[in-house]
Amino acid sequence: MTERTRFAPSPTGHLHIGGARTALFSWLFAKSKGGQFLLRFEDTDTERSKDEFKDSILKSLEWLNLNPDEEPVHQSRNLERHKFLALSLFEKGAAYYCDCSIEELEELRATQIKNKQKPMYDGRSREKNLEYEGKNVLRYKMPKASTSFEDLILGDITVDNRELDDFIILRADGTPTYNFCAAVDDLDMKISTVIRGDDHLTNTIKQLNIIKSLEGNLPNYAHLPMVLSESGKRLSKRDGALDIMDYKSEGYLSGALLNYIVRLGWAKDEVEKFTMNELIDFFDLSDVNSSPSKFSLQLLDWYNNEYLKEMDSSTLLKLLNEIGSNINENFKNILGIIDVLKVGAKSLKEIEESFDMFLKSPSIDKSDSLASEENKKIIKDFFDNFDFSKDENLESTSQRLKDYINYNDLKFPQLGKPLRYALTGRTNAPGLGELLYLLGNEESRKRIKNYLE
RNA sequence: GUCCCCUUCGUCUAGUGGUUAGGACACCGGGUUUUCAUCUCGGCAACAGGGGUUCGAAUCCCCUAGGGGACGCCA
């Protein structure tokens, strides 16, 4: 049997880290078994579901390269089938109509909470043998038993069905609800393994029972522990649950993000970095941790720098422009500049920011001690005596700079500090040999001259 | 409140009855050095607590505590 997994977001928001990880693990699991990864939008909440979010989720998955192997399924398009099957459950006696009013239910709930009981429907309509009358909801008759399954991550799970109530499968308006739709669609899509966050654990118990009642084949289940925010709470917009596309525009590389995410709860020996192909080879759900982990921007930044350093600078240039940097590819020594800047950068944004020092001549603060008369004298000598006529490479420029310093009996910082300031207006910048070479003779002279004035 | 899941350095984790409890990020210090960074070397730092089982427990069992989740005519 070929493995089929699915990622099933509800399009009521953007894709964030937690969802991306669920998608990644589902994708990896399918790929590692030579199977298929599918996408299903759980868009039965017509109030909150938005096409804009479907687009955004699709874009995010595309950026992460976690594309589904078949056309995305839109749950809302299967409503008739869901309804038909729900009714079949009623015919079989596995579901019943309930005429409890919302007020009645609220009251029940309030009393239960007051009595420190678990708030849930008490099954009071179970034996009423009601028919649909235009306002009744259809409830699933939860079997009086316990439900067990072998979770691929958590192991044996057994829950007494009394902990779950007779949940609604068809609303008063006749539309089917989530737990029912999800169970049916997983069946119809021939999903072999359902991978999702462990906040779905009780839903799994419900869906397992639905599938049994429908006499379908039970899929395997794997519940991923949650990703918590840095403060240890559930990931929310307030503390770092960014839209995945925000990571792109902030200058993160999708490979780095993916690598970071996969290590949240999964490890292979003492290796930190993996290519996607390695992940496909090594990944297994049984190696996934069962404890929640916290999101760490610091670690993500480290991964991003690692990926930035390894990435070809011409590719980086393309990505830079993709996120709106408008760096001209014909700019003098553009690739060399990126080569140098990427080494210390945490993101494309940082490269872009540092790039400014090459684009713009610095404005020199005359009162800065780096522009003192004494310093100017050293730079003036340098300006007059260093050979700016040669067109050369990085190594030779650096060497000639060293030679100049030795020949003139200077300490490197004596020349270096003011020269760096003259060239960039900054105190932190790439090495001077690199600066001189990348800026080029003409531009270097121009900047030094400006400093000297 | 009830039920479920979870608990190794600050963080991500390795570890499946016998290890000086390992690695990575971060942090701190040394070195290279031309500033920041990179690179390199080193350091700090953990088995939540308590009971068992066992010759021996981070590893198995129980309890407690803590964290997270679920409890909708949302998904």
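Chain letters run A, B, ... following the sequence lines, proteins first and then strands; every chain starts at 1.
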Would you say A/Asn161 and A/Ser146 are linked by a side-chain donor-acceptor pair, where the criterion is simply a distance under 3.5 Å? no

Regarding A/Ala172, tell me which of base, sugar-phosphate or nothing describes its non-hydrogen contacts under 4.0 Å with the strands shown. base

Any idea which of B/A75, B/U11, B/U13 is nearest the A/Ala267 side chain? B/U13

For B/U54, the Watson-Crick or wobble partner whose two distances fall under 3.5 Å: none

Does B/C27 have a Watson-Crick or wobble partner in any strand here, with both distances under 3.5 angstrom, and which is it? B/G43

Paired with B/A70 by Watson-Crick or G-U wobble geometry, both distances under 3.5 Å: which nucleotide is it? B/U2

Does a side-chain N-to-carboxylate-O contact under 4.0 Å join A/Glu278 and A/Lys273? no

Classify A/Gly416 by what it touches in the nucleic acid, base, sugar-phosphate, or nothing, heavy-atom distance under 4.0 Å. nothing

Looking at the side chain of A/Glu163, which of B/C6, B/U2, B/A75 is the nearest nucleotide? B/U2

Whole-Å distance between B/A70 P and A/Leu154 CG? 15 Å

Take atom C1' in B/A24 and the same atom in B/G68, then report the distance between them in whole Å. 25 Å

Pairing partner of B/U20 (Watson-Crick or G-U wobble, both distances under 3.5 Å): none

What's A/Leu432 touching, base or sugar-phosphate or nothing? Going by heavy atoms closer than 4.0 Å. base

Check the geometry between A/Trp302 and B/C25 and answer yes if their rings are stacked (centres below 5.5 Å, planes below 30°), otherwise no. no

Look at all strands and tell whether A/Pro9 reaches a base, only sugar-phosphate, or nothing, counting heavy atoms closer than 4.0 Å. nothing

To the nearest angstrom, how far is A/Asp199 atom CG from B/A75 atom P? 15 Å

Regarding the side chain of A/Asp45, the nearest nucleotide among B/A75, B/G23, B/A70 is B/A75

B/U32 pairs with, by Watson-Crick or G-U criteria that keep both distances under 3.5 Å: none

Using a cut-off of less than 4.0 Å, is there contact between a side-chain N or O of A/Arg162 and OP1 or OP2 of B/C71? no

From CD of A/Glu47 across to P of B/C73 the rounded distance in Å is 15 Å

Can you identify which nucleotide, out of B/U38, B/U35, B/G1, has its nearest atom closest to the A/Lys118 side chain? B/G1

Within 45 degrees of the ring normal and closer than 6.0 Å to the centroid, is that where the cationic atom of A/Arg6 sits relative to A/Phe37? no

Given B/U34, B/C6, B/A75, which nucleotide is nearest the side-chain atoms of A/Gln75? B/A75

Below 4.0 Å: OP1/OP2 of B/U13 and any side-chain N or O of A/Ser293: yes

Go ahead and name the base partner of B/U7; Watson-Crick or wobble counts if both distances stay under 3.5 Å, otherwise write none. B/A65

On the side chain of A/Asn203, is there an atom forming a donor-acceptor pair with the base of B/A70 - under 3.5 Å, no angle test? no

Going by the ring pair (Phe, Tyr, Trp, His ring centres under 6.0 Å) test, name the single residue among A/Trp27, A/Phe274, A/Phe25 that passes it with A/Phe283. A/Phe25

So, is A/Lys309 close to the B/C39 phosphate, meaning a side-chain N or O under 4.0 Å from OP1 or OP2? yes

Can you check whether A/Arg21 has a side-chain N or O nearer than 4.0 Å to OP1 or OP2 of B/C12? no

Which of these nucleotides, B/U13, B/C6, B/U34, is closest to any side-chain atom of A/Arg263? B/U13

Toward the 5' end of RNA chain B, by each residue's nearest nucleotide, A/Ile102 or A/Leu228: A/Leu228

Can you tell me if A/Arg426 touches the phosphate of B/C36, counting only side-chain N or O atoms and a distance under 4.0 Å to OP1 or OP2? no

Taking CE from A/Met120 and C1' from B/C3, how many angstroms apart are they, rounded to a whole number? 9 Å

Integer angstrom distance from the P of B/U64 to that of B/C41: 49 Å

May I ask you to say what A/Ile168 touches in the nucleic acid, namely base, sugar-phosphate or nothing, with a heavy-atom cut-off under 4.0 Å? base

Are any of the side-chain heavy atoms of A/Arg126 and A/Asp166 separated by less than 4.5 Å? yes

Is the shortest heavy-atom distance from the side chain of A/Leu341 to the side chain of A/Phe358 under 4.5 Å? yes

Across the strands shown, which category fits A/Ala429 at heavy-atom distances under 4.0 angstrom: base, sugar-phosphate, nothing? base

So does A/Thr202 get a side-chain nitrogen or oxygen closer than 4.0 Å to the phosphate oxygens (OP1/OP2) of B/C71? no

Would A/Arg400 count as a cation-pi partner of A/Phe386, with NZ or CZ less than 6.0 Å from the six-membered ring centre and within 45° of the ring normal? yes

In whole Å, what separates the P atom of B/C47 from that of B/G10? 8 Å

Decide if atom NZ of A/Lys135 counts as having more than 12 heavy atoms of other residues, nucleotides or ligands within a radius under 6.0 Å. yes

When you measure from the side-chain N and O atoms of A/Lys233 to the phosphate of B/G68, is any distance below 4.0 Å, counting only OP1 and OP2? yes

What's the closest nucleotide to the side chain of A/Met226 if the choices are B/G72, B/G68, B/A75? B/G68

Nucleotide nearest A/Glu306 (side chain, heavy atoms from C-beta), chosen from B/G23, B/U7, B/C39: B/C39

At 4.0 Å (heavy atoms only), tell me whether A/Thr12 reaches a base, stays on the sugar-phosphate, or touches nothing. nothing

Whole-Å distance separating the CZ atom of A/Arg234 from the C1' atom of B/C6: 15 Å

Base, sugar-phosphate, or nothing for A/Gly265, non-hydrogen atoms under 4.0 angstrom? sugar-phosphate

Please tell me which of A/Pro119 and A/Thr175 maps to the more 5' nucleotide of RNA chain B, matching each residue to the nucleotide holding its nearest heavy atom. A/Pro119

Would you say the side-chain atoms of A/Asp122 pair up with the backbone N or O of A/Arg124, donor to acceptor, closer than 3.5 Å? yes

Side chain of A/Asn428: nearest nucleotide among B/C12, B/C74, B/U35? B/U35

Just the rounded figure in Å: distance from C1' of B/C36 to CG of A/Asn305. 13 Å

What is the nucleic acid contact for A/Cys98, judged by heavy atoms within less than 4.0 Å: base, sugar-phosphate only, or nothing? nothing

Can you tell which of B/A70, B/A75, B/C6 lies closest to the side chain of A/His200? B/A75

Gap between atoms CD and C1', on A/Gln112 and B/A70 respectively (whole Å): 15 Å

Report which part of the nucleic acid A/Lys294 touches: base, sugar-phosphate, or nothing (heavy-atom distance under 4.0 Å, all strands). sugar-phosphate

